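Heavy-atom basis, side chains included; hydrogens, waters and symmetry copies ignored. Keep in mind it's a predicted model, so treat the numbers as computed, not measured.
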Amino acid sequence: MQLRNNLYTVTEKKVDGLTGYFELALTPSCFIYQAHFPGEPITPGVCIVQMGTELLEDLLCECLQKKVKLEICKVKNVKFLSVISPNESTVINYLMKKVEMSEDGSEVKAQMVVTSGDEAKAKISLVLSVKCLAWS
């Protein structure tokens, strides 16, 4: 399931080569928040990682001018530093700090930081395989 336009929407995007900044608006009415947890919703960790993967696909599509589909093949490091709750803040930011593509284009390594205001919420480091490329 794609989380974009379900759990969140992109409200701002700045891409400069293989770095990027995304501002997201969380959707408090999303069914995920109704289940996790009723009355005290928090964004599941797996969703935080998946949102980063979707945003990285967007970044690579824009940078490479190709449609890119990514699949996580290794989670190098994930640190959840603070709960992300749509009751406390409906806006979060993803900063793609370090994105490196292999020479043959089959793999991407990425480091990203998730923030809300001045507070770091998560730090994520992934290795992803490029599952399909097609010209846009």
Task: Non-hydrogen side-chain atoms of D58 and F22 separated by less than 4.5 Å - done: yes
Task: Same cluster (ILVMFWY, side-chain, under 4.5 Å), L95 and L59 - done: no
Open item on the list: For S89 versus L26, what's the shortest heavy-atom pair and its separation?
Closed with: O-CD1, 3.7 Å
TODO: Please test T27 against L7 for side-chain contact (heavy atoms from CB on, under 4.5 Å), starting from the C-alpha separation and ending with a verdict.
DONE: CA-CA 5 Å; T27 308; L7 184 65; 5.8 Å; no
Task: Minimal non-hydrogen separation, T115 against A120, with atom names - done: CG2-CA, 4.0 Å
TODO: Decide if atom CD of Q2 counts as having more than 12 heavy atoms of other residues, nucleotides or ligands within a radius under 6.0 Å.
DONE: yes
Open item on the list: The test is side-chain contact (heavy atoms from CB on, under 4.5 Å); show your working for L55 and V10 and say whether it passes.
Closed with: CA-CA 9 Å; L55 297 170; V10 177; 3.9 Å; yes
TODO: Please check if the side chain of E107 supplies one atom and the backbone of L128 the other of a donor-acceptor pair under 3.5 Å.
DONE: no
- [ ] Take S82 and E119 through the test side-chain contact (heavy atoms from CB on, under 4.5 Å) and record every step on the way to the result.
- [x] CA-CA 8 Å; S82 181; E119 183 181 10; 3.0 Å; yes
Task: Spacing of CE belonging to M101 relative to OG belonging to S106, to within rounding of 0.5 Å - done: 8.0 Å
Task: Donor-acceptor contact present, side-chain S129 to main-chain C73, <3.5 Å - done: no
Task: Interatomic spacing from CD in E88 to OG1 in T90 - rounded to 0.5 Å - done: 11.5 Å
Task: Step-by-step side-chain contact (heavy atoms from CB on, under 4.5 Å) determination, S116 to V91 - done: CA-CA 7 Å; S116 180; V91 176; 5.9 Å; no
Open item on the list: Can you confirm whether I124 sits close enough to Q111 that some side-chain heavy atom of one is under 4.5 Å from a side-chain heavy atom of the other?
Closed with: no
TODO: For residues V83 and K121, report the shortest heavy-atom separation together with the two atoms involved.
DONE: O-NZ, 3.0 Å
Task: Charged tip of K14 within 45° of Y21 ring normal and under 6.0 Å - done: yes
- [ ] Compare all side-chain heavy atoms of E100 with those of L18 and state whether any distance is below 4.5 angstrom.
- [x] no
TODO: Say whether L81 and L24 are linked into one hydrophobic cluster, either directly or through other cluster members, by side-chain heavy-atom distances under 4.5 angstrom.
DONE: no
Open item on the list: Can you tell me how far apart CG (D16) and SG (C63) are? Round to the nearest 0.5 Å.
Closed with: 9.0 Å
Task: Side-chain (Y94) to main-chain (I48) donor-acceptor, under 3.5 angstrom - done: yes
Task: Neighbour count above 12 (heavy atom, 6.0 Å) for N77 CG - done: yes
Task: Ion pair check, E71 and K69, cut-off under 4.0 Å - done: no
Task: For the student: nearest non-hydrogen atoms of E57 and L70, plus distance - done: OE2-N, 2.8 Å
Task: Same apolar cluster (I L V M F W Y, side chains within < 4.5 Å links), V127/V113 - done: no
- [ ] Could you tell me whether a side-chain N or O of T19 sits under 3.5 Å from a main-chain N or O of V15, the two making a donor and an acceptor?
- [x] no
Task: Expected output: side-chain T43 to main-chain S85 donor-acceptor under 3.5 Å - done: no
TODO: With the side chain counted from C-beta on, respond yes when I84 and V114 share a heavy-atom pair under 4.5 Å apart, and no when they do not.
DONE: yes
- [ ] Of all the heavy-atom pairs spanning G39 and N87, show the shortest one and how long it is.
- [x] O-ND2, 3.9 Å
- [ ] Measure the shortest side-chain to side-chain distance between S102 and V108 over non-hydrogen atoms and say whether it is less than 4.5 angstrom.
- [x] no
Task: Chi angles and distances behind the side-chain hydrogen bond (donor to acceptor under 3.5 Å, both in side chains) call for Y8, E54 - done: CA-CA 11 Å; Y8 72 95; E54 291 177 13; 2.7 Å; yes
- [ ] Could you tell me which non-hydrogen atom of M112 sits nearest to which non-hydrogen atom of G52, and how far apart they are?
- [x] SD-CA, 3.5 Å
Open item on the list: Please say yes or no: joined through hydrophobic side-chain contacts below 4.5 Å, possibly via intermediate residues, are V68 and I72 part of one cluster?
Closed with: yes
Open item on the list: Quick check: is L126 connected to F80 through a chain of hydrophobic side chains (ILVMFWY, heavy atoms under 4.5 Å apart)?
Closed with: yes
